[in-house]
Structures are given as C-alpha cells and as structure tokens.
K.L.:
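For reference, the structure I am asking about is given below.
Quick caveat, the model's predicted, so the values are computed rather than measured. Proteins get letters first, then strands, A, B, ... in listed order; numbering begins at 1 in each.
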Amino acid sequence: MADTRKIVLEVLRYTPGQSTAPTLQQYPIEFTDDMSVLQGLQQVKDFVDGSLTFRWSCRMAICGSCGMMIDGAPKLACRAFLRDFLPGPLRVEPLEHFPIERDLVVDISDFVDKLGRITPWIEPREPRSLEQGEYLQTPAQLERFESFSHCINCMLCYAACPQYGLDSRFLGPAATALLHRYNSDSRDGAQAKRMELVNSEEGVWACTAVGYCSEVCPKAVDPANAVNQNKTASAVSWFARFLPGRG
Amino acid sequence: MDTVDVDVVIIGGGGAGLRAAIAAAASDPQLKIALVSKVYPMRSHTVAAEGGSAAVTLAEDSLEHHFNDTVSGGDWLCDQDAVEYFVEHCHEEMVQLEHWGCPWSRREDGRVNVRAFGGMKIERTWFAADLTGFHMLHTLFQTSMKYPSIRRFDEHFCCDLLVHEGSAQGVVVIDIATGEFSMILARAVIIATGGAGRVFRQNTNGGIVTGDGMALAYRRGVPLRDMEFMQYHPTCMPGTGLLFTEACRGEGGILVNRDGYRYLQDYGLGPPDPWPRKKAMELGPRDRLSQAFWHEQRKGRTIDTPHGPAVHLDLRKLGEKLLRERLPQICELARDFLGIDPAQAPIPVRPCVHYTMGGIPTDVNTAAPLPGLYAAGECASSGIHGANRLGSNSLAELCVFGRVAGEQAARFAREAPAPNGVSLRWQAQDARGSAVGLLARPAGGERLATLRDEMALAMEQGGGIYRLEPEMQATCKKIAELTERLPTVNLGDRSQCWNTEWLAAIELGFQLDVAQAMAHSALARRESRGAHQRLDEGLTERDDANYLKHTLASHVRAGPPAIGWSEVVITRSPPGVRAYGAAGESKEAAVG
Ligand SMILES: Cc1cc2nc3c(=O)[nH]c(=O)nc-3n(C[C@H](O)[C@H](O)[C@H](O)COP(=O)(O)OP(=O)(O)OC[C@H]3O[C@@H](n4cnc5c(N)ncnc54)[C@H](O)[C@@H]3O)c2cc1C
Ligand code: SF4
Ligand code: FES
C-alpha cells in the first residue's frame, strides 16, 4: 500500500463564542487505500493543524464517538474510507440537528438525557436471586430484542431524522429502539411504564416514517422498525382502553 | 475554582468504574457518588472487548481448574489469594449482569452458553456474540442510570489526585467543553482509568487508553507494580493493530505461515490434531503464540504485507453461518479494512500490544498503598494476571473487583474524616497552574505528535516480545529525553473550549511517566517470565530463586524510578512448569 493518492478535506470549523460564523477550511492530504476518514483527520491534527477538533477513540466502529456528516451523509469517520470519495474535495461537517460545541464536536446531552428517561434497565418481571442463577432465555427470545441492543449511541440516526431536526422534543430513533429493546426482553416487566412515554407527545407519534434513520445506522439496529412496531403497539393499547372489561 | 463535595469519587466510566459506582450506590443510597470520565461512559474502551468473560459454569469445570489455568498462565507471578477470591466470584458477577439485561448468547435450552479461550482447560467464557465488552458496558451504563445518587461528570478530564497527610481526598477535573477546573473533594477515591497500551506503536487500544490513572497515583507516591509485563495479542491487524478476538481460534480458526503450515506445532504446542483442542496449538496462551510469531519471522516464514510481516488466521472451516452468528464483528472488520471475507480467504494477522498487566498495586480489598485510594480494572495490578493475563479474565475482573472497590470505598468513606478543603485548594490551584502553563508558552517548538510517535517506537524497540539489554537501555534513555522535551512542545491550539491538543499534551506527560516505569522495571527483571522474555545470555529462563517477586517502580522527581520488590502471595500452587499441547496433557494425566 505504498501507493498514495491525494484528496482535499474540506472541514467545517466553528467555535461558538469565538468564531462569528462557521467556515470551511481546506486541508490537502495524501492517503493510502486502507485509510479511513478518521485517519485523514488525525493526519491533519497531528502534522498540520493541532486545533482541528473531533471526537474519536476505538477506531473500530464500536465506541460511537466519531459520527459526522461525510459528503453530506451521517457516517462514522472510522468506517468511511477516503478511497470512496475521490476525486474530492471531501466535505466533512458536524452531525446535523445538534448544537456545535466546536468544529466537528456536537452536544449530545439531549440524547443522554432521553436515554435516562426510557427506563433503560430491567425491571424484573419475576424477581430472581443471584443464587438461583440466570433467567432462562431461549435463542428465539433473545432474537426478539437482540438487534435493538446493538445501538452504539452514535447519533447518526438523529442526524438523519427530519422530525428531530424540526422538534428536538421527539424521543427519536435510537432512544425508541432502546426502549423497544427493553420492552421486548422476556426478563422485563416495565412495559406499561415505558408505553406511557411512547404514547406521549414526544413518543413515536411524531415520526413521519421517512426511514432514513435505518438506512444510515452502521449497526443494522433498524430504529425505524422499532418506531413502527411501537406505533402499532401504542395504537393497540390506546384502542384497548375502550374495550369492555379494561380499565 | 468550583468545589464539589462527595463521599466517593470514581475516575473512569468503563466497566470497572461503572461496576464500582453501582456497588457503592447500592450499598448505601445516602452516599454521594461522583463518576468522572473523560469520554461519555459508553465510549470507554471496555466497549471494544470482543471475546468474552470468564466464570466457572459447566459441571465438569471447577474453581480449582480456573485457579490453576490463571496461575500457570501468569507464570506463577499471580497473588494467589487474589486469584482465589476472583475465581470464586466470577460466576455471581456474570449472573448479576444477566439479571441486569446483558444479552448473553444462549443455548437452545435457554441457559447461558460458554466458549473456549486460550490457556483454558474447560470452556468457561461467557460471551455475547463477539460484542461482549460492548454489551457489558452498555448494560452497566444503562443500569447505573437507575441510581440517582451517582452524579456523572461526563467529558471531564482528571488532571490530578489530591492527597492530604497521606490520604487520598479528591481530584481536580477539567470540564472539556469549557476548560473550567473544579475540585471534587471526597472521603475515598477509586481509580478505574483502564490500561496504557497507547504508549506502544501497534496496539489494539483506543485513543483514550493513555495510562492516566496510573500516572496520577505514581506521581503521588504510589509505586507501580509489574509494569514490565505488557501482553502482545497474537492476532491483530497489521498497521492499525485492530483486534481479531481469540474467540476466532476458540471457535476453530487456525494459524498458518507462508507455506500454509500450522507452525505452532514447532513451538511445544502440538500436535496439531485433533482440533480444536483446549490448551494446545492455537488455544495456547498469548505470550507463547506471540513468541512463536517472532521466531517464524526470524526464519523468514511469514507473509509480507504493506504493513510488515504477518501470518494467516484462517477461519474458512467455520463456514458462513457460524461466522455470521458467532463472529459478526470480525467479519465486518475484515471486510471494511482489508476487503476480505473470512468465509472465503484467510486474514493476515500479527501480534500487537494489547493489555497492561501491571498497574496500581491493590490487595484483595482493592486498596492501594495510600489510605483512601482504591483501584480496579486494567489500571490496577490486582495480582490475578501475574506475568501473562489469561484471555477473558479481564472483563470478569472489572466486575468482581469493581464491585469490591465500590463497596470498600463506600465503607471507608463512612468512617473517614471530611477532606481538608483548605490544604487541598492550594494543591488544586497548583495543578491548574501547571496545566494552564502549557497553554501560555510562546509559540514555536516541536509538534506533540512527533514526541508521541518517538515514544511509541522506542517502547516497541526496547519493550518487544523479546528484549535485549542494550535496546532496553536505549529505550530508557529515549523516554528520559522525551520527558525533557515535553515542556517545550508547541501547542497550536490556545482555546480553553474543547482543546484536545492541550489534553493530549497532558496525556503524553502521563504516558511518559508510565513508559518510564515500564522500561526501568523491564531492565531490572533479569530473567524471562511470561510476557517478559529476554534474549540476553543467562537471562532466557525463569529464575524463581531470584525473581519470584513483583517489581515496584517508585516515582523519583527528575530521575529514573527507584525499583523495589515485593513478595508474591503463594497459597497453594508452588511454581511449576508451564506445559501446553501434548506435554501439558501428559503432565495433567500424571497429576491425575
Ligand atoms: C480490543 C480489545 C479486546 C478485548 N477483549 C477482551 C475479552 O474478550 N475478554 C477480556 O476479558 N478482556 C478483553 N480485553 C481487555 C478488557 O477489555 C479491558 O482490560 C477492560 O475493558 C478495561 O476496562 P476498564 O474499566 O479498566 O477501563 P476502560 O474501559 O478503558 O475505561 C477507562 C475509563 O477511564 C476514563 N479515564 C481515563 N483517564 C481519565 C482521565 N484522565 N480523566 C477522566 N477519566 C479518565 C475513561 O474515560 C474511561 O471511562 C480486550 C481489550 C481490547 C483492547
Ligand atoms: S440506532 Fe443506529 S444510528 Fe442510531 S444511534 Fe444507534 S447505532 Fe447509531
Ligand atoms: S472511533 Fe469509535 S466509532 Fe469511530
């Protein structure tokens, strides 16, 4: 891979309170075919401009730190490869729909707060002591929620969600997927509590079924599916209120 | 400077820090707990662990087996009291995670499934596909949200440990988004900051794994123990160092050289068949496998890749279906980074630095030799890994000793006096002064990355799989030189807000201290044991008469560390021969 090629990275720079407006800065770099966009940014930071700011850690698409808009689409920088964006220039911007903290770093505290509100833990359907060992859960039961548990909280789906862009009160794709993950877990008994949130104004009803969230998800979580299933579920529980014999 | 008062402050939101926070909160809801992490907890490097976590589970397995595998795997440098406590508590911790929702992979009957890892007599690795660390971390993080008494300081960088009259009483943190400093005063401090693999060049670690907590304690007089032992993982991606989990081999993958030959049989790990077979061939311990690679390279039997020599990890026999089900992340990594489908072609791999066996010394209660200070996880030297960690013992350690740390720190905090705010404020001001001083330097000087890269290269050269005295000395010299150059480094970024270049400079300071402890400890250990192998004449064998001891590197202002020694705790397993493959089988048969 001694063969290097050239591309220009065109990166959004902005420091609230210091910059008057976001600007685009161009950085020509040389790269080899196995280099990710993250490695390109690192090269700039290390050897050209130490002030360029972005988050990263694992380099292997699992920590969820490095989400950004790459060529206009939300992607993980460590899993997007420079070779795929020739001839360039390659535009790199912070994730859409989030306030910028600096350059490519956005404020995701809104999501972290939402995560805290979906009851993201097991409230046991049946209590069980440690001495009794694990709950039994068949591979089929595991499969009902497993894919929804693959969410790495990378926020690409929020950047893809037009509804979240309009009104950030919307619970949004990943939080709904995780809510659904717990609701579909055979060990859990807190469905009713979570469905209150689903049925509220900020719940799934705000979704306009665009489906772009699932398209951009790097972990095949399919948050759109979670939202849809909950639309059905919440419709059922809503109608159920009018059936005789129910409270 | 703002002051926050709590009972227990925990530095680190990885597996160990989160488990400690939950344990402290659960033990006493009245306690005020601060959890500080320089990244959001779910970004911590525990997230990258793939293979699994150990716990004796099957009827044919026993605590005795887990104990023996761990102690012999560690080349008898383990503290056996810690290993005993550890193996007894792994299972309940794994069950606890299960109760909290961890999506462990299951058998048809609904019980949790286990797989084999290297150096393991009987399958005992709990796994969640090849995303075990990811699921453990998210389960712990989400469960921690249940406890209102845990106050999180996400994206806060700890730059100093506060000590008053010989006890740990708090920390100084920087809010990364604003650059503002605060002092968190606490009656007990837990360090859970993870390993230090980034001091080496090719490694499996995330960018945040810079040994901060080890250096924080070291600078405050806590010696670092067994720092010469760094684990090289045998199957990593050349160049990036990204890991292909040992579970690849646990599921039946093989390693072959350029001739398609399973070379491990030439290094006391054979015979090759039947396969898979526990504690043999590809399921030998990591140190042995990495050493075998080194010899193959010397013999010219490796494969050339653009990023240097490699051997082949061949998973084709596993078949498409099993690969997708058990090793989905491995398939993804191979496809994205190498353009390889493991069902169709072998993956080039080489050993890379993976795990820091040494660290802050702790006893069975996770107490460090500084009252009020506790440590858990990879930053600690809990005594269970000895000279070579057994795969899947680390994730289990995070839970077992993370819980102990939370409970012990909570107990200590209930009895400890309130921190001395006045004296600590001066210390905190000092810490701020030296951190901010880096930003006030006139422009000009070397780039940070230049120093960082020189450090990583020097560590690789003098701290490799095999080590030679002159190279080790050169590394010690180089680290000292870099430490002198560090204060003159040029920081182009002068902003207070989100200044990651500045934080990286502070981290590099931590790394150089840790690197120094590693290099000098290695030089002092004049024998070969586990992950520390010397080629110097007369030093190529284990020497129990002189070196069945832990190294203790103590920080010395402006000079190399002082190296001391401490006893290894041996309760019931006297040092023996580490035998794997056929030799190991006949040895075990003889014992009965
Ligand atoms: C690729 C890979 C695969 C692995 N696979 C396995 C496996 O299959 N089985 C196994 O048993 N082990 C495995 N390991 C080892 C194991 O994952 C780690 O040892 C373990 O996860 C470390 O956890 P920890 O909680 O100690 O630290 P980490 O998870 O690294 O967390 C450290 C925390 O400290 C915080 N921190 C650090 N410095 C500061 C500071 N200055 N200020 C504030 N916060 C700070 C960080 O933000 C982070 O929250 C693997 C390791 C790697 C790298
Ligand atoms: S659902 Fe997918 S895109 Fe959204 S945060 Fe989770 S992993 Fe990222
Ligand atoms: S660096 Fe972790 S997801 Fe990209």
Side-chain angles (χ1 to χ4, degrees), chain A residues 1-2 15-18 32 34 36 39 45-47 49-51 53-65 79 81 101-103 105 107-109 112 115-116 119-122 124 128 130-131 133-139 141-142 145-146 149-153 178 182 185 187-188, chain B residues 39-40 42-45 47-48 92 94-96 98-101 103-112 129 131 134-135 138-139 142-143 145-146 154 177 206-209 239-240 242-243 306-307 329 332-333 336-338 447-449 452-453 490-495 497-501:
Chain A
M1 243 153 288
T15 311
Q18 287 181 34
T32 49
D34 57 353
S36 63
Q39 285 171 298
K45 184 167 183 78
D46 284 351
F47 301 108
D49 181 351
S51 72
T53 305
F54 47 93
R55 289 189 182 103
W56 66 280
S57 178
C58 72
R59 315 168 282 142
M60 52 187 279
I62 192 75
C63 77
S65 302
R79 232 190 80 174
F81 290 86
E101 290 193 340
R102 184 168 177 194
D103 297 348
V105 174
D107 179 358
I108 63 157
S109 55
V112 180
L115 180 62
T119 317
W121 55 80
I122 297 278
R128 197 174 172 87
L130 292 182
E131 295 72 47
E134 75 262 38
Y135 288 92
L136 293 186
Q137 187 169 64
T138 62
Q141 286 173 317
L142 173 64
F145 74 90
E146 202 215 357
S149 73
H150 286 174
C151 171
I152 62 172
N153 302 356
L178 285 163
Y182 282 102
D185 191 319
R187 296 167 287 192
D188 183 79
Chain B
V39 293
Y40 276 101
M42 70 282 191
R43 316 290 189 216
S44 304
H45 204 56
V47 80
E92 69 188 33
M94 294 306 107
V95 172
Q96 178 65 80
E98 196 278 336
H99 288 193
W100 285 336
W104 296 115
S105 294
R106 305 280 177 159
R107 307 190 315 204
E108 281 309 318
D109 64 1
R111 304 294 301 270
V112 167
L131 297 165
F134 162 83
H135 281 303
H138 281 253
T139 300
Q142 291 169 14
T143 300
M145 290 181 149
K146 195 160 75 173
D154 296 337
I208 59 173
V209 189
T240 60
L242 298 179
L243 178 72
H307 295 288
Q329 189 177 209
E332 202 182 292
L333 283 172
D336 291 350
F337 284 86
L338 304 166
R447 292 200 79 85
L448 187 67
R452 184 201 62 204
D453 292 353
N490 179 41
L491 296 183
D493 190 346
R494 297 298 165 113
S495 163
C497 133
W498 262 105
N499 189 336
T500 50
E501 194 186 26

K.L.:
What part of B:Trp498 lies closer than 4.5 angstrom to a heavy atom of chain A: side chain, backbone, both or neither?
P.N.:
both

K.L.:
For B:Arg111, is the CZ atom crowded, meaning more than 12 foreign heavy atoms sit under 6.0 Å from it?
P.N.:
no

K.L.:
A:Asp46 versus B:Arg447: any side-chain heavy-atom pair under 4.5 Å?
P.N.:
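Heavy-atom side-chain distance check fails, nothing below 4.5 Å.
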
K.L.:
Name the option with the most non-hydrogen atom pairs under 4.5 Å to chain A; the candidates are B:Val39, B:Leu333, B:Asp453, B:Asp336.
P.N.:
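Most heavy-atom pairs within the cutoff with chain A belong to B:Asp336.
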
K.L.:
Report yes if some heavy atom in the side chain of B:His307 is under 4.5 Å from a heavy atom in the side chain of A:Thr32; otherwise report no.
P.N.:
no

K.L.:
Quick check for you: to the nearest 0.5 Å, what is the distance between B:His45 atom NE2 and A:Cys63 atom SG?
P.N.:
9.0 Å

K.L.:
Can you give me the closest heavy-atom contact between A:Asn153 and B:Arg43, atom names plus distance?
P.N.:
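Heavy atoms of A:Asn153 and B:Arg43 come nearest at O-NH2, 3.0 Å.
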
K.L.:
Can you find a pair of side-chain heavy atoms, one from B:Arg106 and one from A:Glu134, that are under 4.5 Å apart?
P.N.:
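They are in contact (side-chain heavy atoms under 4.5 Å apart), so the answer is yes.
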
K.L.:
Under a 4.5 Å cutoff for heavy-atom pairs, which residue among B:Cys497, B:Gly492, B:Ala177 has the most contacts with chain A?
P.N.:
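The answer is B:Cys497.
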
K.L.:
Which pair of non-hydrogen atoms, one from B:Pro103 and one from A:Leu142, has the smallest distance, and what is that distance?
P.N.:
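Looks like CB-CD1, 3.8 Å.
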
K.L.:
Given a strict heavy-atom distance threshold of 4.5 Å, which part of A:Phe47 is in contact with chain B: side chain, backbone, both, or neither?
P.N.:
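Both parts, backbone and side chain.
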
K.L.:
Closest approach of A:Ser57 and B:Ile208, non-hydrogen atoms and distance?
P.N.:
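That closest heavy-atom pairing would be OG-CG1, 3.4 Å.
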
K.L.:
Using heavy-atom distances under 4.5 Å, tell me whether B:Ser44 contacts chain A through its side chain, its backbone, both, or neither.
P.N.:
neither

K.L.:
List the residues meeting ring pair (Phe, Tyr, Trp, His ring centres under 6.0 Å) with B:Phe337, not counting sequence neighbours, and say none if there are none.
P.N.:
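For B:Phe337 the ring pair (Phe, Tyr, Trp, His ring centres under 6.0 Å) partners, ignoring immediate neighbours, are A:Phe81.
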
K.L.:
Picking from B:Leu242, B:Asp154, B:Asn499, which has the most non-hydrogen pairs under 4.5 angstrom with chain A?
P.N.:
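The candidate making the most pairs under 4.5 Å is B:Leu242.
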
K.L.:
Let me know if B:Leu131 has heavy atoms under 4.5 Å from chain A in its side chain, its backbone, both or neither.
P.N.:
side chain

K.L.:
State the CE-CD1 distance between B:Met42 and A:Ile62, to the nearest 0.5 angstrom.
P.N.:
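One finds 12.5 Å between CE of B:Met42 and CD1 of A:Ile62.
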
K.L.:
Checking heavy atoms, do the side chain of B:Arg452, its backbone, both or neither come under 4.5 Å from chain A?
P.N.:
side chain

K.L.:
A:Leu178 versus chain B, heavy atoms under 4.5 Å apart: side chain, backbone, both or neither?
P.N.:
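Side chain only.
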
K.L.:
Find the distance between OG1 (B:Thr240) and CD (A:Gln39) and round it off to the nearest 0.5 Å.
P.N.:
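Rounded to the nearest 0.5 Å, the OG1-CD separation comes to 7.5 Å.
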
K.L.:
Identify, with sequence neighbours excluded, every residue that meets ring pair (Phe, Tyr, Trp, His ring centres under 6.0 Å) alongside B:Trp104.
P.N.:
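Residues passing ring pair (Phe, Tyr, Trp, His ring centres under 6.0 Å) with B:Trp104: B:Trp126.
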
K.L.:
With a 4.5 Å heavy-atom cut-off, do B:Met145 and A:Pro120 have their side chains touching?
P.N.:
yes

K.L.:
Can you tell me how far CG of B:Asp493 sits from OG1 of A:Thr15, rounded to the nearest 0.5 angstrom?
P.N.:
8.0 Å

K.L.:
Heavy atoms only: give me the nearest B:Ser495-A:Gln18 pair and the separation to one decimal.
P.N.:
OG-NE2, 3.7 Å

K.L.:
So what's closer than 4.5 Å to chain A heavy atoms on B:Asp109: side chain, backbone, both or neither?
P.N.:
backbone

